[in-house]
Structures are given as structure tokens and as C-alpha cells.
Amino acid sequence: MGDEDWDSELTAGPSFSFTPSFPKLETEKAFNYNESSNKGISESVERNTWLPRNRSSGFEGGEDEFPKSDGPSRRGFGADRGFGFKRGNRSDGEGSNFFGRGGFKGRNEDSGSENAKGFRDGNVEEEFGEKSAGRGFSHSEDTFGQRRGRGAAVRGTRGGFGRRDENNDEESHSSFGSRGGYGNQTSYEGRERGGGLRGRGGYKGRNEDVGSDSGQVKNNYPFKSDEDGENGDKPAPYVPPPPPETEDGIFAHYKTGINFDKYDDILTNVSGINPPPAILTFEEANLPETLNKNISKAGYAKLTPVQKHSIPIVLAKRDLMACAQTGSGKTAAFLLPILAHMMQDGVAPHSLDLQEPEAIIVAPTRELINQIFLDARKFAYGTCIKPVVVYGGTQTFHSLRQIYQGCNILCATPGRLLDIIKREKIGLTKLRYLVLDEADRMLDMGFGPDMKTLITSPGMPSKEERQTLMFSATFPERIQSLAKEFLKSDYLFVVVGQVGGACSDVEQIIIPVGQHGKKDKLVEILHGLGAERTMVFVKTKKRADYLTTLLCQENVLATSIHGDRLQKEREEALADFRFGKCNVLVATNVAARGLDIENVQHVIIYDLSDNIEEYVHRIGRTGRCGNVGKAITFFDSDDNEDRTVARSLVKVLSDAQQEVPAWLEEIAFSASGTFSSIGSTFASVDSRRGVSHIPGGHAQSHIPGGHAQSAFAADDDDASWD
Ligand SMILES: Nc1ncnc2c1ncn2[C@@H]1O[C@H](COP(=O)(O)OP(=O)(O)OP(=O)(O)O)[C@@H](O)[C@H]1O
């Protein structure tokens, strides 16, 4: 990633992470949201001490004068409407966890003190490491034990993961240190279900529930970690809250929108040789009964277009590149056929030896990969198939422990995945499916090298021996050609609608606003939106913190998510937004892709990204699954980056039948050069330009005006995290 782009509003200096405190909502009591975890919040709201606790603001004079605080307003977002809590009986206090699509339910941790420890000297150091208490893993190589006492000392600390570059969100992939703080292992004793360490039979075939009710299994790990956070000022490495365990929590979902049926009107092209015919219903897919039950519990009654085409293709064991608009069900499009195969073919029974997942799913951000994991867990419910999620910013020991309990589907961010492979904690020889979600992002300069490392890792089956699936709402032609290295030559390319087209359910409004007018305009809009849930996208982490502080001063319940915040804080911020404790989430591109949050009614793009793909993904946080939404974009005609993307923006607007302001059109077409030189449009054709077989017999349509390569930025200030 490139250096952080310091903005004129912010003088150089230590960044701070702002964690606004929100008043406890009545509805939180229903979720047994631990008093203690709220104490810090309520107390700080009382004392108005919600200002950043960590460092000087680094703001000097003028509009950068650090906003005075009068504390966030006490409007309890949605509390009176029971917002977001429409799923079944939550009387058991259960709910989905930070990332479940339902309301918030996280483990009750005292988040109040975290901020006091979370940051120092402008850097966030992540401590990882496993200092086993003497006994390594039971299998042959006690890599754990070997690590005792050996740490990648970081700045004199006792080891720890490669320190994060304060200007770069990506974790280095250096080896882990020997020790780090530790979360609460006891919470894992006996809590895992179905993942018993004792051998389990594989799936017994169609329609049999196996190993789903092994009840509470005592986890007699052959190792213990005595990692602790005894170094007082260092936060223990984060151990995420356990995923929901009740059916209500696992199957929490929101309703499809009024436009769901309109999906059927979207033209779908399938290019490649001999594609299997699309299916029209779930029944036609002839899926195992348990899977069909889970699909129904998840509220899926009708297939979306990408599912209609992708499910039979994956079931036919073909490689696939699928492009469909945001919020149109791409996750299930790959999960369902993979799970169906696993249920029908059976999966290896859990062994105490090296875990060898049959499927690996990668995505660019931790929050997204966790969301995919929760979907996998949902659809695998009642079977012996075990999804596991590992991602950066969490204690490595925790990741390994999850894998150790059994791992058929590994959902991972690249950094953590590669480290676990390097440490030989998983084997790849049994891999049958490799899935790249947000694939264009995974193949760009940010993650491309990691993906290359992955497919060349020891034991990784070649592309001929595995099934590789790639999904995204955007697929620039340059990325299509990069993808060939990962896909069999006869892969199929499914395009629902326009490659890279924006979601048709999102009303897109572009308003001319100069840099210095943006803050006031943002406050004005948000005051007008009241309690409606809004995501605000900015370019830099520092601006995310700055604006969040400013909004809270303006009595807007806002929080922020970006790569400089501790993972625990990121998850809390996302939970506060999902839970309805605040109605504005200020985010960098860390939240641009994939996140599926109920009832995001608005997206405000405060800073345009320098590539149009991120614009499409950002506005796709609203208008999901047939619901409608609105995206307002601030366009600064004095900003070169905005001008560069103007022409692509006009194309996205016109392709989505949106109004194109005359002033924008003028800017877009006054710029010299062709599409390819000044900005991105989309490859709307299969870059193989081969003969295409399209269901219904019509030929592959070539978009008038040709196609061009998209300028693909991989060095966004906060563009990739793992
Ligand atoms: N067939 C279906 N019926 C009802 N709801 C569905 C169906 N398929 C998916 N959904 C729901 O639609 C929402 C969006 O799905 P998903 O997140 O997979 O979209 P996506 O295409 O991956 O979006 P993005 O491009 O932003 O990642 C989710 O809440 C999902 O549970």
C-alpha cells in the first residue's frame, strides 16, 4: 500500500483512534449486553469523557481546531423501533455476533478500557504469538514448543507480530513472535459444538444429519497457552467473540426487498464452452435435504440470477468467474454447491493430525471473511462439515485452535492464511475448492502476490486438479487476464447485467462540493437523515477519525472503522452500527466490499476513490437483496482524482439509468484521452473473446463503445487488510 495520504485538514502528527461512547439502548438489555462492557460507555457519556483518550489530536488551528466535545446525543437509534431485532425469539439473549446479519450480539467484553491501551506513539502493535505452556501440538512437529522464548522482538517488546506500518494497513507476513497477550481461553473450554476432538464419521450421504448434536465437547487441547497480557500497557491479542450458537442467531437474516423479483429481468451472459443449463429453482439443484432445510431457514425461497447459473456450473465441477451486482447473492452462489458436493461426497473425519481443508475461501478484509464464515456455518448447520475462520488482528493461537478442532472449509484473509501454511498448521493436498471472493481485489497489486504464493504453496493442487471459483461485482479486463493463471482454460464466465455495473436498486446522486465545503455538507445531510442508517466513505484513516469526532460533536451518533483501529474496536464499531447503537459508520475502503449490513439506507461518498470499482462496491453497501438505497457522492471538480474518474462515473450512472448531471458530463468529456488513459470503464466481454454459448442462443453482446482496462489502484490509503 502507498503512504498514507495526509490531508490538508490534518496536520502531520500522531493519529488517534476515536471511539465514541454510545448510551445503552433499551434493546441491548434484550441481548444481555453485559453491564460491565457498557459501564465504560455509560460512565464516559456521563462524564463527557468520550473524547479520544490516547494522544493529542494533532489538530492545529482553523478548521482543524479539534472539535470541542459536548458528547454524543442520547438519541437511541432505532431503539423505539426495535430496529434490527426482528428475528425470532431472542429471549435467550442469543443473537448473531459482531458480524451476524442479525442484530448485534457480541461477547460481553469490557471495551471501555481497551481504548486506553489500544494505541501508543501512533502505532498499533499487534502482538501475536503462541507461547505454549510446555506442550506443543500432539502432532509430529511441536512448532509451538519450538517457538517458546523465540520471538520476533519488535522495538524491544517481547516479540510480537511484525509491527504494522502506521502508513500501511497490511500486516507484514513476517513470522510470529514467541509471545503475546492472551484472551480468555476458558471461554473456549467445552464451548465448541460438533467439533469434537474425538474422531467423527464423515457425512453419511444424502439427508442424514451427522455429528451435528455432539453437544458440548470438552476441548482437551494437547496444549495450553499461557499467553497473557501481563505486560500491563499492552492489550492482549484479540480473541473474537464466539459465533452464535442458537438457531435464531445462526439463521438471523433480513428480508428481501421489493425489487428482488426484478433480478429476473437482468440479462445474464455465460461465456465459455458447454456451460451447463441454468436452474430456475433450488429444487432443480437436487441439493441434500439438510442443505435445503438450511437454505429455507436462511429465508431463501428464490434463486438470484448469479445463483441460477453458478450453482449448476460449480456442481458440474467447472471453474468459474462470476460477476454480478452487489447484494445479489454471490456468497451463496459458491457456498451452496461446495457444501452440496461435500455432503454428497463426504468429508474426511476429523483427525488429530494435520488438518487438511477441502475448501479454502479468501477475501480481502477480516470483517468480510468472517461474514462468509458465518454464512458457511449457517448452510452447514446440522452436518459434520466444519467451517473455520482465521484472520489478522486476532490471536494466532486462537486461529490455530479453531483449525485444530477440525477444518473442512477454511475462510481466511491472505496474511493469516499464508502464515498458517508456512507454519505447516494445515495441509493443502486435500484441497478441492479454492474460492476468491472480491476476486478482482484479490488479484490486484495488493493481494496478487499473496495469491500467487498461495497457489504455489507446497501441496497445493494445480489448477487442473482443483476447482477455482472467482466472484466479484467488478472484473476489469486486466484482472480477467490475471485470473487465467488460476483458472482452467475452459472456465466459464458468468456476467449478470453489466460487468462492474452498479446495483440498479441504488439511486445515485452526485453533488459538486469543494474540499472545504464537504464537512458542512455532510453534517447538513446527516442531520436531515436523522436516524437512518448511513455509511460514509472517506479516503484516509485519519479523516475517518476526524470526521467521526466532528459528527459526534454535531450530535450525530457516529463511529468509525479503518485499518488503524484494533480488530476488537473494528468489530465493536461494526457491531454498534449493526446493532443500531449508532446510525453512521465512517469508513475507509476496509468496509467498501462485501459487508452485508441490514437496512443501510444511505451511502455518502465523502471522498471518491481513484478507481471506479471501489465506487461500485461502496454504493453497494446499500440497496441489497432487492432493497432500495441511496448513494450521495461529493464530487470536487478541483480534485484531479475526481476528474480522472469522472468519465467512468458517467458510464456507471448511465448504465444504471441514473441521472447524469450536465456539469459532470462536461468534466468527464472535457478530459483528454480515451477511457483507458483517463479512467476505467469495464470489460463487459469475456476477455477470451471466444465463441460464447449463451443460454437462449443469443450471441455474446459486445458493449457499444468497446471496453477498456480499468485503472486499478492497489495502493489506496486503507485499501486492504488481513
Ligand atoms: N436467494 C436468496 N434469497 C434471499 N436472500 C438472499 C438470497 N441470496 C442471498 N441473499 C441475501 O442477500 C444478501 C446479499 O447477499 P451477498 O452478501 O451474498 O451478496 P453479494 O452479491 O456477495 O454482495 P457483494 O457484491 O456486496 O459482496 C445477504 O443478506 C444474503 O443472505
Side-chain angles (χ1 to χ4, degrees), residues 84 87 96 99-102 250-264 266 279-283 285 287 291-292 294-311 322-336 361 363-365 367-379 435-442 469-475 494-497 499-506 535 578 589 591-600 603 613-627 629 631:
R87 276 161 295 287
S96 52
F99 295 102
R101 289 185 165 120
I250 291 169
F251 289 99
H253 62 275
Y254 60 84
K255 292 194 182 322
T256 57
I258 52 168
N259 291 344
F260 189 81
D261 289 341
K262 288 185 181 170
Y263 278 147
D264 294 336
I266 303 176
I279 56 175
L280 295 177
T281 64
F282 284 110
E283 291 68 28
L287 302 173
L291 185 53
N292 278 321
N294 293 338
I295 290 168
S296 167
K297 286 178 197 167
Y300 294 20
K302 256 186 86 179
L303 290 163
T304 64
V306 70
Q307 293 164 359
K308 289 177 180 173
H309 290 272
S310 300
I311 291 175
C323 187
Q325 68 182 43
T326 52
S328 61
K330 293 188 285 295
T331 311
F334 60 76
L335 283 178
L336 297 180
I361 303 169
T365 67
E367 290 76 14
L368 175 56
I369 201 64
N370 193 60
Q371 180 181 287
I372 294 169
F373 157 71
L374 291 171
D375 273 350
R377 195 164 171 269
K378 168 170 67 180
F379 292 122
V435 183
L436 277 65
D437 195 19
E438 307 303 341
D440 56 329
R441 187 80 189 86
M442 299 313 292
L469 312 174
M470 298 188 177
F471 286 78
S472 182
T474 54
F475 250 117
V494 170
V495 179
V496 180
V499 171
C503 172
S504 45
D505 292 323
V506 178
M535 290 181 74
R578 278 188 197 278
N589 274 342
R593 287 175 174 247
L595 290 188
D596 185 61
I597 301 167
E598 178 178 15
N599 217 8
V600 174
V603 165
E613 287 77 21
E614 294 316 304
Y615 169 82
V616 168
H617 286 278
R618 286 169 158 190
I619 68 171
R621 294 319 98 208
T622 186
R624 299 176 68 77
C625 195
N627 294 289

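For ligands, and for the atoms within them, numbers begin at 1 and follow the listed sequence. Numbering starts at 1 and runs along the sequence shown.
Distances shorter than 4.0 angstrom occur between a heavy atom of Glu438 and an atom of ligand 1. Taking a 4.0 Å cut-off on heavy atoms, Gly327 registers as neighbouring ligand 1. Close to ligand 1: Gln325, with a non-hydrogen atom less than 4.0 angstrom away.
Residue Lys302 touches ligand 1 through its backbone alone, judged by heavy-atom distances below 4.0 Å. With a 4.0 Å cut-off on non-hydrogen atoms, Asp596 touches ligand 1 through its side chain and not its backbone.
Those atoms of ligand 1 with a heavy atom of Thr331 less than 4.0 angstrom away are 16 (P), 17 (O), 18 (O), 22 (O).
Considering backbone and side-chain N/O atoms, Thr256 never comes within less than 3.5 Å of an N/O atom of ligand 1. Residue contacts with ligand 1: Arg621 is placed with a nitrogen or oxygen under 3.5 Å of a nitrogen or oxygen of the ligand (distance criterion only). The shortest N or O to N or O distance between Arg624 and ligand 1 is below 3.5 Å. Ligand 1 has a nitrogen or oxygen under 3.5 angstrom from a nitrogen or oxygen of Ser328. The distance criterion of under 3.5 Å between nitrogen or oxygen atoms is met by Gln307 with respect to ligand 1. Between Gly329 and ligand 1, an N or O atom pair is found at a separation short of 3.5 Å.
Salt bridge absent: Asp437 and Arg593 never bring a charged side-chain N and a carboxylate O closer than 4.0 Å.
Under the 4.5 Å side-chain criterion, counting only non-hydrogen atoms from C-beta, Tyr300 is not in contact with His253.
Atom CD1 in Ile361 sits 9.0 Å away from atom CG in Leu469 (nearest 0.5 Å). Considering CG of Asp375 and CZ of Phe334, their distance stands at 8.0 Å, rounded to 0.5 Å. For the atom pair Met470 CE and Asp440 CG, the distance stands at 10.5 Å (nearest 0.5 Å). Rounded to the nearest 0.5 Å, atoms CZ (Phe373) and NZ (Lys378) are 12.5 Å apart. In this structure, the separation between CD1 on Ile266 and OG on Ser504 is 4.5 Å, given to the nearest 0.5 Å. Note: Lys308 NZ to Asp264 CG = 3.5 Å, rounded to the nearest 0.5 Å.
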Lys262 and Asp505: CA distance, side-chain angles, deciding distance, salt bridge (charged side-chain N to carboxylate O under 4.0 Å, His left out) verdict: CA-CA 10 Å; Lys262 288 185 181 170; Asp505 292 323; 5.8 Å; no

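The heavy atom nearest to atom 9 (C) of ligand 1, out of those in Tyr300, Phe260, Phe282, is found in Tyr300.
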